[in-house]
Protein chains: 2
Amino acid sequence: MTDERPAPAAAPGLRERKKRRTRDALLRAALLHFIAQGYEHTTVDEITDAVDVSQRTFFRYFANKEEVAFAVQDLVESHYVAALRARPPAEGPFEALRGAVLGAWDTLDEALSDVVPVDLYMRTYQLIESTPALLAVHLRRSTELEERIARLIAEREGLDVDADPRPRVAVAAFSGVMRVTGRLWAQDEDASVASIRRMTEACLDQIGPALAADWR
Amino acid sequence: MTDERPAPAAAPGLRERKKRRTRDALLRAALLHFIAQGYEHTTVDEITDAVDVSQRTFFRYFANKEEVAFAVQDLVESHYVAALRARPPAEGPFEALRGAVLGAWDTLDEALSDVVPVDLYMRTYQLIESTPALLAVHLRRSTELEERIARLIAEREGLDVDADPRPRVAVAAFSGVMRVTGRLWAQDEDASVASIRRMTEACLDQIGPALAADWR
DNA sequence: TGTGAAGTGTCAGTCGCTGTCACTAGCCTG
DNA sequence: CAGGCTAGTGACAGCGACTGACACTTCACA
């Protein structure tokens, strides 16, 4: 219990390095297979054969087949939350949310490149959007992220999330629009970060007009 | 090919009646088992044993185990869409969406009672909200419903959904708030229709204030 | 250097789900 | 109303995701 971490990120030891290598290999092999032949048409055995480990080992690293598809998404989400945390406290909620999303797209490359090339992530994201089983999980995960963000926003504004519904409602409305963005982007041919950044901006600009009582 | 329907909803024949009875029995048995012992802890074999049919038969009526949990939800969604269709064209988009949701809760009883008691549906809804696997599917289904509704709203306003993003954005924001409502309701002890109606109204009333640039 | 534990492979088994095939029972026509 | 047609079903075999148990290897640390 005492002396938890002698050297925070120093030499992790052979065991740790080996583990990390196995996990990375499984992750990469899985994503490549998913993208090449589809999520449903990839068996766990195919992935483990490519890495030459047993199926059992796969399930020791990932709770289930879906989880491996979201491993990178996890990083992207943390990156976004960090960006939101870094927004100046003076900004209003929507201003902060918007700034964080756009800023996160701009800096995604640096945040990701040492794990997986950004391009691979973008194709994984498209895969998620276009695979029903993955999309379902993605949406559920998104609601969990929304809750985290709602708490963050509440904190920024000095409010109690459970007493005041505005943080959750605002984040829900904002995230709903973000989902539409993701969907439209996935349908588009242009799978670049620049493209999704552009669409994010366009959709967010519509939120004001869309909420007007009368559109005519 | 000619003479499609002699009597629109008259005597459906023994075969049809038998089919319907089997389906209903499977549905009811499944929901009761799910509620009593949880979705994951109910095997398909348990359901089919209770109805005394083979497992194969279950999968002829329902594409998968999840689908049976959403059979009633299907009815509720149609009911909601119908309510939206019935709103006077003069109403603005948000007015119509809001009126349809609240109206649908008020008339849910009549729309459902001849298939399943409303109470059973409410408990099923709670089950969905509290079972990760079901919640994921529910959210994906919700996006499909959102698309239908966005098209409906666009039609009402005489717009092209693919040219003007406002319908999708408005529906996304609205639905995001509805999801928060559902989640809060599921956490509450009071599982009544009255309760969810009340929370719906409360959350929707917050959408205006929540979207203000500054909350202080 | 030896001992404990972490990481892995193997194997057997459960559960969701599918294809196939034979059989039975409603239906429809002559 | 007999006889064929076909929709609905059961039985069975098989695949793929996932889990528990146990034995074996290999690193870590005293």
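Chain letters run A, B, ... following the sequence lines, proteins first, then strands; residues in each count from 1.
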Handout entry: Contact residues, residues 125-143 of chain B to DNA chain D [heavy atom, < 4.0 Å]
Key =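 The stretch gives none, as no residue of it lies under 4.0 Å from the strand.
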Practice task
If the plane angle is over 60° it's perpendicular, under 30° parallel, otherwise tilted; pick one for B:Phe70 and B:His138.
Solution key: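 Because their plane-to-plane angle is under 30°, the rings of B:Phe70 and B:His138 count as parallel.
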Exercise for the section: Describe, in one word, how the ring planes of B:Tyr125 and B:Trp185 are oriented to each other, choosing from parallel (under 30°), tilted (30 to 60°) and perpendicular (over 60°). Expected result: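 The arrangement is parallel - the two ring planes meet at less than 30°.
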If you measure only the distance, is there a donor-acceptor pair under 3.5 Å linking the side chains of [X] and [Y]?
X       : Y       : result
A:Glu66 : A:Tyr39 : no
A:Thr57 : A:Ser54 : yes
B:Glu46 : B:Gln37 : yes
B:Thr43 : B:Asp45 : no

Exercise for the section: Please determine if B:Glu144 and B:Arg148 form a salt bridge, counting it only when a charged side-chain N lies under 4.0 Å from a carboxylate O. Expected result: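 So B:Glu144 does not pair with B:Arg148 through a salt bridge.
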Handout entry: Short N-O contact, B:Arg168 and B:Glu146, less than 4.0 angstrom
Key =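 Salt bridge flag = no for B:Glu146 with B:Arg168.
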What's the [atom1]-[atom2] distance between [X] and [N], to the nearest Å?
X       : N      : atom1 : atom2 : result
B:Asp52 : D:dT9  : CG    : P     : 13 Å
A:Lys19 : D:dA28 : NZ    : C1'   : 13 Å
A:Arg21 : C:dT8  : CZ    : P     : 11 Å

Exercise for the section: Using only side-chain N and O atoms of B:Thr22, determine if any of them is under 4.0 Å from OP1 or OP2 of D:dT9. Expected result: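 So the side-chain polar atoms of B:Thr22 do come within 4.0 Å of the phosphate oxygens OP1 or OP2 of D:dT9, strictly under.
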Problem - Under 4.0 angstrom between B:Tyr61 side-chain N/O and D:dG8 OP1 or OP2 - result: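 Result: no.
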Practice task
Check the surroundings of atom CG in B:Asp52: do more than 12 heavy atoms from other residues, nucleotides or ligands lie under 6.0 Å from it?
Solution key: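 Counting other residues, nucleotides and ligands, CG of B:Asp52 stays at 12 neighbours or fewer.
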Exercise for the section: Starting at the 5' end of nucleotides 10-19 of chain C, put B wherever the base has a protein heavy atom under 4.0 Å, S where only the sugar-phosphate does, and a dash everywhere else. Expected result: B----SSBBB
Exercise for the section: Assign a letter to each nucleotide of nucleotides 22-27 of chain C from its 5' end: B, base within under 4.0 Å of a protein heavy atom; S, sugar-phosphate only; -, no contact. Expected result: ----BS
Problem - OH-CD distance between A:Tyr121 and A:Gln73, expressed to the nearest 0.5 angstrom - result: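 So the gap between those two atoms works out to 3.5 Å.
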Practice task
Kindly give the heavy-atom pair with the smallest separation between B:Val161 and B:Pro167, and that separation in Å.
Solution key: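 The answer is CG1-CB, 4.3 Å.
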